[in-house]
Amino acid sequence: ISIFLTIGCKSNPQTTGHYIDDTVITTAVKSHLATDGPLKTMTQIHVKTVENTVYLTGVAATLQAKNRVEEIARQVDGVQTVVNNITVQP
């Protein structure tokens, strides 16, 4: 008699294709932020992309800067949704 044990593993629901797309989107958003005049000196903005949704976190000096970061992220090809969790701290 053979006994087989199946151990559940937590798997990443993201496929390789999604991961590559998400990496390209994250890189593009960061690149656009780095070349945008007033925003290029903002180093406290973090960008993460999961299944074409861009998550923005960090600190911006003004509400206008926070909104500009979101606007830039929305303009990148492949972005479906932007979640802007940037806080404003003058």
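Atom set for the values below is all heavy atoms of this structure, side chains included, hydrogens, waters and symmetry mates excluded. Worth saying up front: this structure is predicted, and the values here are computed from it rather than measured.
At distances below 3.5 Å, at least one donor-acceptor pair connects side-chain atoms of Thr27 with backbone N or O atoms of Thr23. Thr35 contributes a side-chain N or O that, together with a main-chain N or O of His32, makes up a donor-acceptor pair within less than 3.5 Å.
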Item to check | side-chain contact (heavy atoms from CB on, under 4.5 Å) between Ile86 and Val59, worked out | outcome: CA-CA 5 Å; Ile86 297 171; Val59 178; 5.8 Å; no

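Screening residues 79-90 for salt bridge (charged side-chain N to carboxylate O under 4.0 Å, His left out) gives no qualifying pairs among residues at least two apart or on separate chains. Pairs of residues two or more places apart, or lying in two chains, never qualify as salt bridge (charged side-chain N to carboxylate O under 4.0 Å, His left out) while including a residue from residues 23-33. Residue pairs that meet the side chain to side chain donor-acceptor pair (under 3.5 Å) test with at least one member in residues 78-90, sequence neighbours left out, are Glu70-Asn84.
Interatomic distance, NZ of Lys48 versus CG of Asp22, reported as 10.0 Å (0.5 Å rounding). Asp36 CG to Ser31 OG: the interatomic distance, rounded to the nearest 0.5 Å, is 11.0 Å. Rounding to the nearest 0.5 Å gives a distance of 10.5 Å between CG of Asp21 and OG1 of Thr26.
Within the 4.5 Å cutoff, no side-chain heavy atoms of Val47 are placed close to those of Tyr55. Here the side chains of Val54 and Ile25 are in contact, with some heavy-atom distance below 4.5 Å.
No salt bridge links Arg74 with Glu71; every basic N to acidic carboxylate O contact stays at or beyond 4.0 Å.
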